[in-house]
Colleague: 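One structure, as structure tokens, below. Some questions next.
Computed from a predicted structure; not experimentally measured.
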Amino acid sequence: MSNPFERIVEPLDPKQPLKKFFNLKKLEDVRYARLPFSIRVLLEAAIRNCDEFLVKKEDVENILSWKVVQHKNVEVPFKPARVILQDFTGVPAVVDFAAMRDAVKKLGGDPEKINPICPADLVIDHSIQVDFNRRPDSLQKNQDLEFERNKERFEFLKWGSQAFKNMRIIPPGSGIIHQVNLEYLARVVMDQDGYYYPDSVVGTDSHTTMIDGLGVLGWGVGGIEAEAVMLGQPISMVLPEVVGYKLLGNPQPLVTSTDIVLTITKHLRQVGVVGKFVEFFGPGVAQLSIADRATIANMCPEYGATAAYFPVDDISIGYLIQTGRDKEKVMCTKKYLEAVGMLRDFKNSSQDPDFTQVVELDLNTVVPCCSGPKRPQDKVAVSDMKKDFETCLGAKQGFKGFQIAPDRHNSVVKFNFEGCDFELAHGSVVIAAITSCTNTSNPSVMLGAGLLAKKAVEAGLTVKPYIKTSLSPGSGVVTYYLRESGVMSYLSQLGFDVVGYGCMTCIGNSGPLPESVVEAITQGDLVAVGVLSGNRNFEGRVHPNTRANYLASPPLVIAYAIAGTIRIDFEKDPLGITTSGKKIFLKDIWPTRDEIQAVERQFVIPGMFKEVYQKIETVNKSWNALDAPSDKLYTWNPKSTYIKSPPFFDGLTLALQTPKTIEDAYVLLSFGDSVTTDHISPAGNIARNSPAARYLTSRGLTPRDFNSYGSRRGNDAVMARGTFANIRLVNKFIDKQGPQTVHFPSGEILDVFDAAERYKQAGHPLIVLAGKEYGAGSSRDWAAKGPFLLGVKAVLAESYERIHRSNLVGMGVIPLQYLPGEDARTLGLTGRERYTIIIPEKLKPQMNVQIKLDTGKTFHAIMRFDTDVELTYFHNGGILNYMIRKMAS
């Protein structure tokens, strides 16, 4: 069927009649000018893709009526312009595509129908680890190890880039996915198939929202949902509320963009923006560079929103030119956005649209701060850090407590490192990492760190040699301007050599600490500290031996590395004392905003971006040398411990199976609040005593070859064993932290995987009980796939993180939610009961279902299938099964 909105199509330039666009102003609808700019992007996509099948005129009307409809839980479809993946989530996506081709062939269909329709970019940035640091050849040695460990995965990805159309691979060593997206991949306005339209993107990484800072609407989705988008399916989403976040004033001279985003994160957590869009406006936005905006948008998952949108303005247009984009295309971009009413002037309040609610922040009130020790929303002013940490030491075990006995607060452990004697105590810094897309994309904080390093070295300050320092830039451009501006050598002198281009410490790829340091931490049961310029600091994520982890700006990372402890008051305590006895305070070496901006203007120039990115796909010689098979169907190697055909589609038929009641399920695990995807499906090191380690050992591997869970996401046998394998897991059935549970039929305490296997062999279904924010953190499809393979049929929680709930739906695992005002405590649930969940024949979105216990108690819960499309996926046993049946028939 033809598009019913063809009447508003016209050329952008009469001289180029074949380059058209949907002119939304020609709708002549007064509602359009009042829509938030983020909702205008959804509207344009609905109008352009309207076919009265996947997208209907009714959907367009609902979006136009956003002001009225936003509170009514109305579902709308959205077809993004692009999909972006990183390799930890990209490998399982390509594995699924390869397995789906096999399944379609078995059902008599054409396997080559399993092919991306929506353009997809996969950036390999999650595989490199900090194995080597504090040496000039750290980068090369870490990259060599990366290829040695991941050669098989990389060959598989290279096969995927050749076997599947519309999929581009950005090789290892290029940078971090979101910075590469910001500096290179993002178009802002698409020019494709004869049409101009707004760029938009979904990604298999929760920090995809970083691109919102450039005015490209984007957010993270589950890997399973992304695969459906790649195959041409729209995202089915509830039309969101939009919180207007008004920025006023100017930041103080010593405040960084990191301080601003940590302040906003805490503020919006208090406001409550889960499942909503946040759209920034007000005159304060004009004071922020695109890098500053991108930093704020990057941490959107940490404040819980779906997207954190900064509409395009002249500063955005200027950034496209600064980063080396084609000037003619940039001018077309501006012309298009003006034509459709999507170019913003933040100083012009008459452009302010309607919002669901408005909250404000005066940038002048922001003070230097960090966040921690266990959550990104727990902001602490730098002036309060010492006191706050010492309070946390003795506080009850929790997000702000370690429960260390008062008589042990000042414990000291002596140790020897490289022939010298040192001491560690509670609060000692053992990891200091300038890392993560959040900050390394921002020249102001990176150059600020470099200038601070220069002044520190000139003042005679040093960093203790046992502290694991590292610098992992988000792209080659960062190294370029740090080197050209003359600060790189000073960073190196403090131990901050470039160790790789990737996420590294921020995702747990921090590599090993020195053995003598680990022994000292263990001996004293010390709360050692990691300080990183990242976006996540959940327990067990950064490193198993750093129980406290603080997010901080790059300059503060260096400051705490020099101090060697978090127990310092920078206003009163010196960083060091010169040989002449002069005390050096942080304020003596902190660069001013004017100093930083002068260096940035001189050294961050378009030529750098052009030089780095014009060769990005060919510069890695190791990647170029990889030999990948050319077959359209993948030949699975049964000896591989990295790539394995998953069992998700075993026994799949064209006929649908009727969903059945879950009878007499045991509770596998019982959790409290804020169980993250790091707890459910860790990405870091594989512990030597874990089920995954036992499996790999049985396949002939030694611990040196285990690599990380993240690198083995293409092998379901490893990932099922790694599910709930985080050493910091807190299960209410067990009186200590660890990846174990009670197998109730026998009463034995077992590793979670081993208990699940026992239940499975006996034919017992399983459920998980949880509190608030279940599945917070990174967008990990294995946090849903893993429980599915363990036999978990449902999760009963107080609330869910958005992406994780979607992933559970995608795997056919039922997300159940307690009724308002109820939870495990009010219902008297111990988790030792057996649960029967009544699944009616006729299902509808968000319906209540009955749950019966073997104790005779009965209660109800909400079945969190939020849309009819999600119910369709459930009836098919998951979204991938749905796609296979669709392609095979």
Colleague: Quick one, K113 with V104, criterion side chain to side chain contact (heavy atoms under 4.5 Å, CB included). Give me CA distance, side-chain angles, the key distance, then yes/no.
Modeller: CA-CA 9 Å; K113 282 188 176 179; V104 168; 5.6 Å; no

Colleague: Show the nearest heavy-atom pair for residues A297 and G213, with the distance to one decimal.
Modeller: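 Heavy atoms only, the tightest pair is CB-N, 3.6 Å.
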
Colleague: Side chains of S38 and E279: do they bring a donor and an acceptor to under 3.5 Å?
Modeller: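 Looking only at side-chain atoms, E279 and S38 do form a donor-acceptor pair, the distance falling under 3.5 Å.
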
Colleague: I'd like to know if the side chain of N298 reaches the main chain of A294, judged simply by a donor and an acceptor atom lying under 3.5 Å from each other, with no hydrogens or angles considered.
Modeller: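 Flag not set: sc N298 to bb A294 has no pair under 3.5 Å.
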
Colleague: Does D13 pair with K15 as a salt bridge, N-O distance under 4.0 Å?
Modeller: no

Colleague: Is a side-chain donor or acceptor of D345 paired with a backbone partner of Q351 at a separation under 3.5 angstrom?
Modeller: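 No, D345 side chain to Q351 backbone: no donor-acceptor pair under 3.5 Å.
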
Colleague: Please tell me whether S289 and D292 have a donor and an acceptor in their side chains that are separated by less than 3.5 angstrom.
Modeller: yes

Colleague: Could you walk me through whether V359 and H267 pass side chain to side chain contact (heavy atoms under 4.5 Å, CB included), step by step?
Modeller: CA-CA 9 Å; V359 291; H267 185 197; 4.3 Å; yes

Colleague: Is the number of heavy atoms from other residues, nucleotides or ligands under 6.0 Å of K20 NZ greater than 12?
Modeller: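 No, not enclosed.
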
Colleague: Within the 4.5 Å heavy-atom criterion, are K72 and L239 side-chain neighbours or not?
Modeller: no

Colleague: Is it true that K329 and D191 make a salt bridge, defined as a side-chain N closer than 4.0 Å to a carboxylate O?
Modeller: no

Colleague: Please name the pair of heavy atoms, one in V188 and one in V312, separated by the smallest distance, quoted to 0.1 Å.
Modeller: CG1-CG2, 3.8 Å

Colleague: Where the side chain of D51 meets the backbone of L54, is there a donor-acceptor pair that is under 3.5 Å apart?
Modeller: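 Checking the backbone N and O of L54 against the side chain of D51, a donor-acceptor pair under 3.5 Å is found.
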
Colleague: Tell me, please, whether Y32 has R40 positioned over its six-membered ring: NZ or CZ under 6.0 Å from the ring centre and within 45 degrees of its axis?
Modeller: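 R40 over Y32 ring: yes.
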
Colleague: To the nearest 0.5 angstrom, please state how far the OG1 atom of T323 sits from the CG atom of L182.
Modeller: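 Between atom OG1 of T323 and atom CG of L182 there are 7.5 Å.
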
Colleague: F865 vs F874, test: ring pair (Phe, Tyr, Trp, His ring centres under 6.0 Å). Steps then yes/no.
Modeller: CA-CA 8 Å; F865 297 125; F874 177 62; 4.7 Å; yes

Colleague: Within 45° of the axis and under 6.0 Å from the centre of the six-membered ring of F22, does NZ or CZ of R48 qualify?
Modeller: no

Colleague: Quick check against the 3.5 Å criterion: does R325 have a side-chain atom that pairs as donor or acceptor with the backbone of Y319?
Modeller: no

Colleague: Ignoring hydrogens and geometry, is there a side-chain-to-backbone donor-acceptor pair from D199 to V189 under 3.5 Å?
Modeller: no

Colleague: Do Q86 and T204 have side-chain N/O donor and acceptor atoms under 3.5 Å apart?
Modeller: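 Their side chains do not contain a donor-acceptor pair, so the 3.5 Å distance test is not met.
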
Colleague: Classify the ring geometry of H207 against H178: parallel below 30°, tilted from 30° to 60°, perpendicular beyond 60°.
Modeller: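 Because their plane-to-plane angle is over 60°, the rings of H207 and H178 count as perpendicular.
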
Colleague: Using the six-membered ring wherever Trp is involved, compare the ring planes of Y336 and F21 and label them parallel, tilted or perpendicular (cut-offs 30° and 60°).
Modeller: perpendicular

Colleague: Provide the closest heavy-atom pair for V216 versus A186 in the form atom of the first, atom of the second, distance.
Modeller: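 In terms of heavy atoms, the two residues are closest at CG2-CB, 4.3 Å.
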
Colleague: Do Y480 and E611 touch side chain to side chain, with heavy atoms closer than 4.5 Å?
Modeller: yes

Colleague: Go through the steps to decide whether I224 and L880 satisfy the test side chain to side chain contact (heavy atoms under 4.5 Å, CB included), and finish with yes or no.
Modeller: CA-CA 7 Å; I224 305 153; L880 302 184; 3.9 Å; yes

Colleague: Hey, does the side chain of Q16 reach the backbone of L18 with a donor-acceptor pair shorter than 3.5 angstrom?
Modeller: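 Side chain of Q16 to backbone of L18: no pair is present.
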
Colleague: Any idea which heavy atoms bring P77 and P234 closest together, and the distance?
Modeller: CB-CB, 3.9 Å

Colleague: Between P4 and E52, which heavy-atom pair has the shortest distance, and what is it?
Modeller: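 Shortest heavy-atom contact: CG-OE2, 4.4 Å.
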
Colleague: Within the 3.5 Å criterion, strictly below it, is a donor on R82 or N181 matched to an acceptor on the partner's side chain?
Modeller: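 R82 vs N181: donor-acceptor pair found between side chains.
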
Colleague: Treating Y309 as the side-chain partner and G215 as the backbone partner, does any N or O pair qualify as donor plus acceptor under 3.5 Å?
Modeller: yes

Colleague: How long is the span from the CD1 atom in I211 to the CD1 atom in I177, to the nearest 0.5 Å?
Modeller: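 The CD1 atom of I177 is 10.5 Å from CD1 of I211, to the nearest 0.5 Å.
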
Colleague: Are the aromatic rings of Y882 and Y873 close, with centres under 6.0 Å apart?
Modeller: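 For Y882 and Y873, the ring centres are under 6.0 Å apart.
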
Colleague: Using the ring centroid of each side chain, check whether F78 and W219 are separated by less than 6.0 Å.
Modeller: yes

Colleague: Give me the one residue out of D96, N115, D110 that meets side-chain hydrogen bond (donor to acceptor under 3.5 Å, both in side chains) with R101.
Modeller: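 When side-chain hydrogen bond (donor to acceptor under 3.5 Å, both in side chains) is applied between R101 and each of D96, N115, D110, only N115 qualifies.
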
Colleague: For a quick check under 3.5 Å, do E75 and S236 share a side-chain donor-acceptor pair by atom type?
Modeller: yes

Colleague: Using side-chain heavy atoms (C-beta onward) and a distance below 4.5 Å, is S257 in contact with V445?
Modeller: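 They are in contact (side-chain heavy atoms under 4.5 Å apart), so the answer is yes.
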
Colleague: Please check if the side chain of D313 supplies one atom and the backbone of R344 the other of a donor-acceptor pair under 3.5 Å.
Modeller: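 Pair absent, no side-chain N/O of D313 close to backbone of R344.
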
Colleague: Evaluate R168 against I170 for side chain to side chain contact (heavy atoms under 4.5 Å, CB included), listing each step before the verdict.
Modeller: CA-CA 7 Å; R168 171 172 50 176; I170 305 296; 4.3 Å; yes

Colleague: What closest approach, in Å, do V243 and F355 show between heavy atoms, and which atom pair accounts for it?
Modeller: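 Where V243 meets F355 most closely, the heavy atoms are C-CD2, 4.3 Å.
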
Colleague: Would you say the ring centers of F164 and F97 fall short of 6.0 Å from each other?
Modeller: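 Under 6.0 Å, so yes.
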
Colleague: Test V273 against every option in T306, V242, V278 by the side chain to side chain contact (heavy atoms under 4.5 Å, CB included) rule and name the one that passes.
Modeller: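 In the set T306, V242, V278, the residue that makes a side chain to side chain contact (heavy atoms under 4.5 Å, CB included) with V273 is V278.
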
Colleague: Would you please say whether a donor-acceptor pair under 3.5 Å links the side chains of T356 and Q70?
Modeller: yes

Colleague: Would E870 and R864 pass as an ion pair if we require N to O under 4.0 Å?
Modeller: no

Colleague: Compare all side-chain heavy atoms of P845 with those of T867 and state whether any distance is below 4.5 angstrom.
Modeller: no

Colleague: Please determine whether ring pair (Phe, Tyr, Trp, His ring centres under 6.0 Å) holds for the pair F280 and F346, giving the CA-CA distance in whole Å, both sets of side-chain angles, and the decisive distance to 0.1 Å.
Modeller: CA-CA 9 Å; F280 292 86; F346 289 105; 9.4 Å; no

Colleague: Side chains of C437 and M210, heavy atoms from C-beta outward: is any pair under 4.5 Å?
Modeller: yes

Colleague: Donor-acceptor pair, R293 side chain versus L288 backbone, under 3.5 Å?
Modeller: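 Present.
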
Colleague: Less than 4.5 Å apart, any side-chain heavy atom of L320 and any of I290?
Modeller: no

Colleague: Between E10 and N23, is there a side-chain donor-acceptor contact under 3.5 Å, judged purely by atom types and distance?
Modeller: yes

Colleague: Side-chain contact test, heavy atoms from C-beta onward, threshold under 4.5 Å: evaluate it for V201 versus P80 and give yes or no.
Modeller: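 No. Closest side-chain heavy atoms not under 4.5 Å.
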
Colleague: Could you tell me whether E61 and R31 have a side-chain N and a carboxylate O separated by less than 4.0 Å?
Modeller: yes

Colleague: Does a salt bridge link R34 with D354, judged by any charged N lying under 4.0 Å from a carboxylate O?
Modeller: yes

Colleague: Atom NZ of residue position K56 - does it have more than 12 heavy atoms of other residues, nucleotides or ligands inside 6.0 Å?
Modeller: no

Colleague: Distance alone, cut at 3.5 Å: any donor-acceptor contact between the side chains of R885 and N876?
Modeller: yes

Colleague: Are side-chain N/O atoms of E6 and S2 paired as donor and acceptor at under 3.5 Å?
Modeller: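 No, no side-chain donor-acceptor contact under 3.5 Å.
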
Colleague: Is any side-chain heavy atom of K276 closer than 4.5 Å to one of Q357?
Modeller: yes

Colleague: Below 4.0 angstrom, N of the basic side chain to O of the carboxylate: do K334 and D314 qualify?
Modeller: yes

Colleague: Step through the shown structure and confirm whether more than 12 heavy atoms of other residues, nucleotides or ligands are within 6.0 Å of CD on E338.
Modeller: yes

Colleague: K158 side chain to W623 main-chain N or O, any donor-acceptor pair under 3.5 Å?
Modeller: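 Looks like yes, one N/O pair under 3.5 Å.
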
